[in-house]
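Protein chains get the first letters and strands the later ones, always in sequence-line order, with residue 1 at the start of each.
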Amino acid sequence: MSVETAARTISEAWDEIVVRVLKANKVELVAYVPDKVLAPLIKRVHADDFFTVLAPAREEEAVGIVAGAYMGGKRGIVLMQTSGFATLPNVLASLAVPFQIPLLMMISERGTLGDFQLGQALVCRTMRPVLQSLGIEHYAITRMDEVEFIVDSMIKQAFMTQAPAAMILSPLLTKKLAI
Amino acid sequence: MTANELKSASRDTARLMNRSDLCRRLVAKLKQEEAVIGGIGNSHFDLWASGQRPQNFYMLGSMGLAVPIAFGVALAQPQRRVFALEGDGSLLMQLGALGTVARHALKNLVIIVFDNGMYQITGAQPTLTSYCTDLVAMAKGAGLAQSVWAADEAHYEELIDVALKGEGPWFIAARTDQQPPAGVTERDAAKIRGRFMQALGASR
Ligand SMILES: Cc1ncc(C[n+]2csc(CCOP(=O)(O)OP(=O)(O)O)c2C)c(N)n1
């Protein structure tokens, strides 16, 4: 990491870094179903003309749109929380994986480390087993100094290898710092 | 001519047509390398059987996502007309997508629904449309003003002509019969995707 990058990472919020990395990788389309942790990122992409931002009714629909856009030559990402990810195994197994689509997913990890919503807590346990069983590359981002490297390298690998990728926003990054 | 000038039939008065025939009639009109997404169910089988254009994308699962996929392609390529061919059962599974299409009003997107009132491919079990549900009314309710029932084959062709020229999005519903599809799609996902992207001039 260059001195300049190191200095910048400290002064930037995680969502600011994500936006910068998405832009650097020409990821123009953002489709999301809202989540409170993702709210600052959602606000930021809405405020930036570089992005085409969509809020479809379901995460599955968002995956279909981003997959279609990729086939038409436009790069996109789906933002969701863990409960949204839990609605996706079918589309991942029947579209993203077999058709080798570099579907970028950013998942806010809910239901762990002090989340008191029982529904979130149980749904959360299904995420990694699903990702593992489908052989989908996934990594949790836990610290500020990891954000740029993980997001940037996972995006690049997804497009180079034509495979979906799941970037998990851990509460260690999004919650611990906020408290 | 706009869809408002074209009269819509009602679901009750619309003639029962043949999906395979309607696919061939559509494909015969495609001269500008238009993209077509064939939904799961028999829609993609009949699209395949109508001639394997490289600009066709055949879904091998992901029930209900023909419209979102077509929307994504249309968003990425505003100069190209994009068609989604979907069955009634599949459309019912992802109705929110109609709202997304209406909200973003892509001019180059056309949705064609083959409403046979059943999940034909899984054994012809009735769908909601065979009881009380009207997909054109639902599309209008979602905000798609240009939504019509095709009265018969001639009207269907007229609607396709309008959709190829005028500003979308369009929602064209056709009632279809119980005939089996005219072919079976090759199930090679990587090949389907690679050929489709090449035909669309999209680099990986
Ligand atoms: C999520 C999901 N549920 C169920 C199925 C099984 N399935 C595959 S095609 C189909 C019926 C499709 O019906 P429709 O879209 O009306 O097309 P048709 O078969 O009538 O041409 C069903 C239920 C599936 N593939 N995916």
Side-chain angles (χ1 to χ4, degrees), chain A residues 25-34 46 51-78 80 84 87-104 134 155-164, chain B residues 35-37 39-40 54-80 82 84 86 90 93-104 106 108-109 142 187-204:
Chain A
N25 284 282
K26 301 191 176 69
V27 180
E28 290 173 67
L29 177 64
V30 180
Y32 70 88
V33 176
H46 267 296
F51 297 103
T52 302
V53 186
L54 308 170
R58 290 179 64 79
E59 289 81 0
E60 209 186 8
E61 192 196 332
V63 169
I65 292 170
V66 168
Y70 167 70
M71 294 193 288
K74 200 181 189 77
R75 292 178 169 197
I77 187 168
V78 180
M80 72 198 101
T87 68
L88 295 186
N90 182 51
V91 69
L92 295 175
S94 62
L95 183 67
V97 174
F99 286 93
Q100 298 172 21
I101 290 175
L103 169 75
L104 303 178
L134 290 170
I155 292 174
K156 289 195 162 70
Q157 183 171 334
F159 286 106
M160 293 300 285
T161 63
Q162 298 171 80
Chain B
V36 187
I37 313 298
I40 195 186
Q55 298 85 7
N56 292 351
F57 182 78
Y58 312 96
M59 287 169 61
L60 305 178
S62 327
M63 187 171 167
L65 291 189
V67 172
I69 293 171
F71 177 91
V73 176
L75 189 71
Q77 301 209 346
Q79 306 310 326
R80 189 189 300 274
V82 184
E86 192 64 296
S90 299
M93 200 173 264
Q94 202 69 232
L95 287 170
L98 297 179
T100 305
V101 170
R103 153 77 180 80
H104 295 279
L106 303 183
N108 55 333
L109 183 59
R187 289 185 177 80
D188 186 335
K191 188 169 154 192
I192 291 170
R193 200 268 280 165
R195 191 175 47 194
F196 183 66
M197 284 182 71
Q198 198 171 19
L200 264 59
S203 59
R204 338 196 243 95

Handout entry: Top contributor to chain A interface from B/Pro68, B/Ala76, B/Gly96, B/Gly61 [non-hydrogen pairs under 4.5 Å]
Key = B/Pro68
Problem - Among A/Ala57, A/Gly73, A/Gly64, residue most engaged with chain B (heavy-atom pairs, under 4.5 Å) - result: A/Gly64
Practice task
Among the options A/Thr52, A/Ile65, A/Leu29, pick out the one with the most heavy-atom pairs lying under 4.5 Å from chain B.
Solution key: A/Ile65
Problem - Residues which pass side chain to side chain contact (heavy atoms under 4.5 Å, CB included) with A/Leu88, listed by chain and number, not counting sequence neighbours - result: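 With neighbours one apart ignored, the set is A/Glu59, A/Glu60, A/Val63, A/Met80, A/Phe85, A/Val91, A/Leu92, A/Met105.
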Spatial distance of atom [atom1] ([X]) from atom [atom2] ([Y]) [nearest 0.5 Å]:
X        : Y       : atom1 : atom2 : result
B/Leu98  : A/Glu61 : CG    : CD    : 8.5 Å
B/Leu75  : A/Lys74 : CG    : NZ    : 6.0 Å
B/Arg193 : A/Tyr70 : CZ    : OH    : 4.5 Å

Exercise for the section: Would you name the heavy atoms of B/Ser62 and A/Leu95 that are closest together and state the gap between them? Expected result: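 Here B/Ser62 and A/Leu95 meet closest at OG-CB, 3.4 Å.
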Fill in the blank from the handout: For B/Ala189 and A/Pro98 the tightest heavy-atom approach is CB-O, 3.4 Å
Problem - With sequence neighbours excluded, residues passing salt bridge (Lys or Arg N to Asp or Glu O under 4.0 Å) with B/Lys191 - result: B/Glu186
Can you tell me which portion of [X] sits under 4.5 Å from chain A's heavy atoms? Options are side chain, backbone, both or neither.
X        : answer
B/Leu200 : side chain
B/Ile69  : both
B/Ile40  : neither

Handout entry: Short side-chain to backbone donor-acceptor contact, B/Gln77 and A/Gly72, under 3.5 Å
Key =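 Looks like yes, one N/O pair under 3.5 Å.
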